[in-house]
Enquirer: 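Quick one: the structure is below, and I'll ask about it shortly.
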Amino acid sequence: MQWDGWGAPEKRKDLSDGMKAVLGQALGVTIRQAPDRVAADVILTPSAVSEGQLAALAGIVGEKFCSTEHDDRLLRAGGKSIFDLLRRRSTEPQNAPDVIVTPGTEAEVAEILRYCADNSIAVVPFSGGSSAVGGLDPVRDKFDAVLSLDLRRFDSLIDLDTDSGTATLGVGLPGPRVEELLGAHGFSLGHFPQSFMFATIGGFAATRSSGQASAGYGRFEDMVQGLRVVTPAGTLDTGRAPASAAGPDLGELFVGSEGTLGVITQVRVQVHPVPETTVREGWSFPDFETGAAALRALRQAGAVPTVLRLSDEAETAVNLATHDKIGEEAVTGGCLVITTFEGTKEHTTKRVAEARAVLQAHGATSLGDEPGSNWEHGRFDAPYLRDALLDAGVLCETLETATTWGNLANLRASVTAALTESLSAQGTPPLVLCHISHTYGTGASLYFTIVCAQNDDPIDQWGKAKAAAGDAIIAAGGTITHHHAVGVDHRPWLRDEIGDLGVTVLRAVKNAVDPAGILNPGKLIP
């Protein structure tokens with residue numbers, strides 16, 4: 001990806017005149033010209049690895065797979081959180097990994113970990129680079145240097161068991177390549193987070209990712225059947241059978257571990273045949289509460305689409321579901337729901353009919369297939385809009401949480417109020433948008449998008465707002481993160497969520513598999 005933004009440079013977006021007008025009228029933003037930025041002008045802290053250490057690491061993987069070059073370090077200086085992107089736009093010296101090492105085998109990974117443990121070098125596993133919560137920040141902590149362990153060479157379809165419906169995948173495979181490899185055999189993984197174009201199998205597992213089709217195919221941890229993990233203490237292979245009573249599931253220790261407990265090298269996942277047919281339908285509800293009740297009824301009745309999303313009044317009004325048209329079309333009322341059904345023609349027809357009956361019984365009006373088609377066309381491109389907004393002087397960021405159906409309205413109101421109060425007190429009243437992106441029988445996620453004018457110190461500005469939102473989430477009984485993971489950004493609230501004993505358990509596991517503490521310090525574990 002780009003060093004200072006999301007994705008591919010050729011897909012950078014410019015703000016339309018209509019969008020600029022909306023920003024000026026609604027938020028008082030004075031649009032500024034984006035400055036020219038050149039990677040070579042960014043100042044990085046000098047590499048702290050010695051020539052001897054560099055030679056030793058090159059001896060493990062080969063010289064071509066060991067680098068201290070400026071551009072290689074800059075590309076791995078963090079992920080794509082707003083803090084990461086604002087720092088890339090700063091003229092201050094940037095922290096970056098001291099060396100980039102790209103192993104090609106598990107044996108090389110194990111040898112690198114042993115060497116780093118013996119030489120006081122922290123190790124940050126890296127693949128797609130799409131972390132939204134500081135999970136890739138090169139935190140030095142007590143160590144002399146930081147190594148970025150690039151896993152892109154673990155990029156093959158290792159095995160496909162068509163009878164069992166499982167595939168074993170290398171962790172360096174990005175989402176599109178996974179679908180290409182499986183599609184050649186008539187299968188699909190069906191995991192489509194917004195980061196799909198660049199995020200990888202390893203990242204999905206390490207962060208407990210949830211894709212946009214989670215209503216139909218589940219979260220990524222639901223797909224995981226087994227893992228191969230290399231730790232400083234040895235290699236672990238989990239998932240002997242589809243289900244087992246042989247003690248706690250050790251694989252669950254590493255799904256969501258964010259590279260702090262081991263380096264995942266292979267993931268065995270459940271796959272399904274490529275859908276025979278797809279049906280999309282948009283729906284309008286008079287208000288968010290009515291729409292949420294309808295989604296709850298769908299879930300609890302088992303009439304679940306593959307994709308199920310509800311935008312609140314504000315998000316629907318600015319057409320965020322079709323973000324390339326913001327400011328270009330008339331504002332519509334109510335709340336938009338998007339549904340997508342996939343499967344065989346017979347099964348899909350039955351599910352569509354059942355879901356339509358439930359939605360209409362709860363006051364929904366059909367909008368046909370256009371809203372769903374428009375959303376799907378641009379569903380991976382919203383981060384490009386955020387880059388354009390940041391360059392124009394607009395603060396734009398997202399955060400997410402989840403709770404039970406009974407607590408959903410309270411959590412939404414609490415987080416919206418906290419964000420509004422914090423940013424307004426800093427002189428930049430925000431627009432706070434929200435949608436339900438993932439649903440369960442007992443509850444749902446809430447995904448917030450926040451837009452306001454930047455002040456003179458946008459990092460501090462968002463830091464205060466994020467802290468207010470985090471405190472509000474915990475106080476209102478939500479989870480501090482539903483699918484963005486913990487990283488650095490959510491770490492201050494993890495103890496509140498799992499308790500002192502939970503932290504002790506995590507630290508005990510960490511001490512067992514990573515005695516020197518070299519793996520991704522400063523993340524996840526308080």
Enquirer: Using side chain to side chain donor-acceptor pair (under 3.5 Å), reason through Q266 and T168 one step at a time and then give a plain yes or no.
Expert: CA-CA 7 Å; Q266 297 180 17; T168 304; 5.5 Å; no

Enquirer: Partners of F341 by ring pair (Phe, Tyr, Trp, His ring centres under 6.0 Å), sequence neighbours excluded?
Expert: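 Counting only residues at least two positions away or on another chain, F341 forms no ring pair (Phe, Tyr, Trp, His ring centres under 6.0 Å).
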
Enquirer: Under the salt bridge (Lys or Arg N to Asp or Glu O under 4.0 Å) rule, what do E315 and R309 come out as? Steps first, then yes or no, please.
Expert: CA-CA 12 Å; E315 185 169 292; R309 298 167 65 88; 5.2 Å; no

Enquirer: Please list all pairs meeting salt bridge (charged side-chain N to carboxylate O under 4.0 Å, His left out) that have one or both residues in residues 484-499, counting only residues at least two apart or in different chains.
Expert: R495-D500

Enquirer: So, D387 and K11, do they make that salt bridge, N to O below 4.0 Å?
Expert: no

Enquirer: Is the shortest heavy-atom distance from the side chain of N95 to the side chain of D137 under 4.5 Å?
Expert: no

Enquirer: Would you check if V415 and L399 make a side-chain contact, meaning some heavy-atom pair closer than 4.5 Å?
Expert: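 SC-SC contact between V415 and L399 confirmed.
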
Enquirer: Grab the two heavy atoms, one from P305 and one from A215, that are nearest each other, plus how far apart they are.
Expert: O-CB, 3.2 Å

Enquirer: Applying salt bridge (Lys or Arg N to Asp or Glu O under 4.0 Å), run through K510 and D514 and close with a yes or a no.
Expert: CA-CA 5 Å; K510 172 81 168 173; D514 181 21; 2.8 Å; yes

Enquirer: How far does NE2 of H438 sit from CZ of R299, to the nearest 0.5 angstrom?
Expert: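 Atom-to-atom, H438:NE2 and R299:CZ are 11.0 Å apart.
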
Enquirer: Looking at E252 and R208, does any basic side-chain N land under 4.0 Å from a carboxylate oxygen?
Expert: yes

Enquirer: Starting at CZ of R76, measure out to OG of S127 and round the result to the nearest 0.5 Å.
Expert: 11.0 Å

Enquirer: Would you please name every residue forming a side chain to side chain contact (heavy atoms under 4.5 Å, CB included) with S164, sequence neighbours left out?
Expert: D161, T166

Enquirer: Taking ring pair (Phe, Tyr, Trp, His ring centres under 6.0 Å) as the definition, give me every residue that meets it alongside F126, ordered by chain and number, with sequence neighbours left out.
Expert: none

Enquirer: Identify the heavy atoms of S437 and S214 that sit nearest to each other, and give their distance.
Expert: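 Heavy-atom minimum between the residues: O-OG, 4.4 Å.
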
Enquirer: Listing request: all salt bridge (charged side-chain N to carboxylate O under 4.0 Å, His left out) pairs with a residue in residues 151-160, at least two apart in sequence or in separate chains.
Expert: D150-R152

Enquirer: Going by the rule salt bridge (charged side-chain N to carboxylate O under 4.0 Å, His left out), which residues pair with E354 if we only count those two or more places apart in sequence or in a different chain?
Expert: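 Checked E354 against salt bridge (charged side-chain N to carboxylate O under 4.0 Å, His left out); zero matches.
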
Enquirer: Let's go through T235 and E106 carefully: what are the C-alpha distance in whole Å and the side-chain angles of both, what is the deciding distance for side chain to side chain donor-acceptor pair (under 3.5 Å) to 0.1 Å, and is it a yes or a no?
Expert: CA-CA 9 Å; T235 298; E106 287 183 356; 5.2 Å; no

Enquirer: Indicate yes or no: at least one non-hydrogen side-chain atom of W493 is less than 4.5 angstrom from one of V486.
Expert: no

Enquirer: Are I450 and T398 packed together at the side-chain level, in the sense that at least one heavy-atom pair is separated by less than 4.5 angstrom?
Expert: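 Contact flag for I450/T398 side chains = no.
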
Enquirer: In the structure I gave you, are the side-chain heavy atoms of Q194 and R379 within less than 4.5 Å of one another anywhere?
Expert: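 No, too far: nothing below the 4.5 Å cut-off.
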
Enquirer: On a heavy-atom basis, which atom in T306 and which in E342 lie closest, and how many Å separate them?
Expert: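 Looking at all heavy atoms of both residues, the shortest contact is OG1-N, 3.2 Å.
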
Enquirer: For K466 and D471: C-alpha separation, side-chain torsions, deciding distance, then whether salt bridge (Lys or Arg N to Asp or Glu O under 4.0 Å) applies.
Expert: CA-CA 9 Å; K466 177 76 171 178; D471 290 344; over 6 Å; no

Enquirer: Stepwise, does the side-chain contact (heavy atoms from CB on, under 4.5 Å) test hold for F192 with F380?
Expert: CA-CA 9 Å; F192 302 106; F380 303 132; 4.2 Å; yes

Enquirer: Taking side-chain contact (heavy atoms from CB on, under 4.5 Å) as the criterion, tell me which of V255, T207, L189 meets it with F220.
Expert: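 It is L189; the other options fail the test.
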
Enquirer: Could you name each residue pair satisfying salt bridge (charged side-chain N to carboxylate O under 4.0 Å, His left out) that touches residues 404-418, not counting sequence neighbours?
Expert: E289-R412, D312-R412, E313-R412

Enquirer: Answer yes or no: is there a side-chain heavy-atom contact under 4.5 Å between W283 and L367?
Expert: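 Heavy-atom side-chain distance check fails, nothing below 4.5 Å.
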
Enquirer: Going from CG on L173 to CD1 on I201, what distance comes out if it is rounded to the nearest 0.5 angstrom?
Expert: 6.5 Å

Enquirer: Search all heavy atoms of L261 against all heavy atoms of T231 and return the closest pair with its distance.
Expert: O-CG2, 3.5 Å

Enquirer: Can the positive tip of R12 be found less than 6.0 Å from the middle of the six-membered ring of Y384, inside 45° of the ring normal?
Expert: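 Ring-cation test returns no.
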
Enquirer: When rounded to the nearest 0.5 angstrom, what is the spacing between CG in D391 and CZ in R386?
Expert: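 Spacing of CG (D391) from CZ (R386) equals 11.5 Å.
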
Enquirer: Where do T401 and H482 land on the side chain to side chain donor-acceptor pair (under 3.5 Å) test, with the steps shown first?
Expert: CA-CA 5 Å; T401 180; H482 172 263; over 6 Å; no

Enquirer: Could you point out which residue of V509, L506, L494 forms a side-chain contact (heavy atoms from CB on, under 4.5 Å) with I525?
Expert: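 With I525 as partner, V509, L506, L494 yield a single side-chain contact (heavy atoms from CB on, under 4.5 Å), made by L506.
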
Enquirer: Examine F288 together with H435 and report whether their ring centres are nearer than 6.0 Å.
Expert: no

Enquirer: Applying salt bridge (charged side-chain N to carboxylate O under 4.0 Å, His left out), can you list everything that pairs with R351, at least two apart in sequence or on another chain?
Expert: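 Applying salt bridge (charged side-chain N to carboxylate O under 4.0 Å, His left out) to R351 gives none.
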
Enquirer: Please name all residues satisfying salt bridge (charged side-chain N to carboxylate O under 4.0 Å, His left out) with D287, sequence neighbours left out, ordered by chain then number.
Expert: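 With neighbours one apart ignored, the set is empty.
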
Enquirer: To the nearest 0.5 Å, what is the distance between CH2 (W462) and CD1 (I82)?
Expert: 6.5 Å

Enquirer: Looking only at heavy atoms, which two atoms of V451 and C396 are closest? And how far apart?
Expert: CG2-SG, 4.2 Å

Enquirer: Taking the side chain as every heavy atom from C-beta outward, state whether T200 and V171 have any atom pair closer than 4.5 Å.
Expert: no

Enquirer: Quick one: ring pair (Phe, Tyr, Trp, His ring centres under 6.0 Å) partners of F187, sequence neighbours excluded?
Expert: none

Enquirer: Just how far is it from atom CG of L27 to atom CD of Q454, taken to the nearest 0.5 Å?
Expert: 12.0 Å

Enquirer: Where the side chain of R268 meets the backbone of L169, is there a donor-acceptor pair that is under 3.5 Å apart?
Expert: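 Answer holds: no.
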
Enquirer: Closest approach of A297 and V358, non-hydrogen atoms and distance?
Expert: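 Heavy atoms of A297 and V358 come nearest at CB-CG1, 3.9 Å.
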
Enquirer: Is it the case that the ring center of H191 lies less than 6.0 angstrom away from the ring center of Y217?
Expert: no

Enquirer: Where do D369 and R280 land on the salt bridge (Lys or Arg N to Asp or Glu O under 4.0 Å) test, with the steps shown first?
Expert: CA-CA 5 Å; D369 64 359; R280 304 174 184 87; over 6 Å; no

Enquirer: Just so I know, are the side chains of V488 and K523 near enough to count as touching, which here means a heavy-atom distance under 4.5 Å?
Expert: yes

Enquirer: Got a sec, which residues hit ring pair (Phe, Tyr, Trp, His ring centres under 6.0 Å) with H484, two or more places apart in sequence or on another chain?
Expert: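 Ring pair (Phe, Tyr, Trp, His ring centres under 6.0 Å) check on H484 returns Y447.
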
Enquirer: List the residues meeting salt bridge (charged side-chain N to carboxylate O under 4.0 Å, His left out) with R219, not counting sequence neighbours, and say none if there are none.
Expert: E221

Enquirer: Counting the benzene-type ring for Trp, do F198 and W6 have ring centres under 6.0 Å apart?
Expert: yes

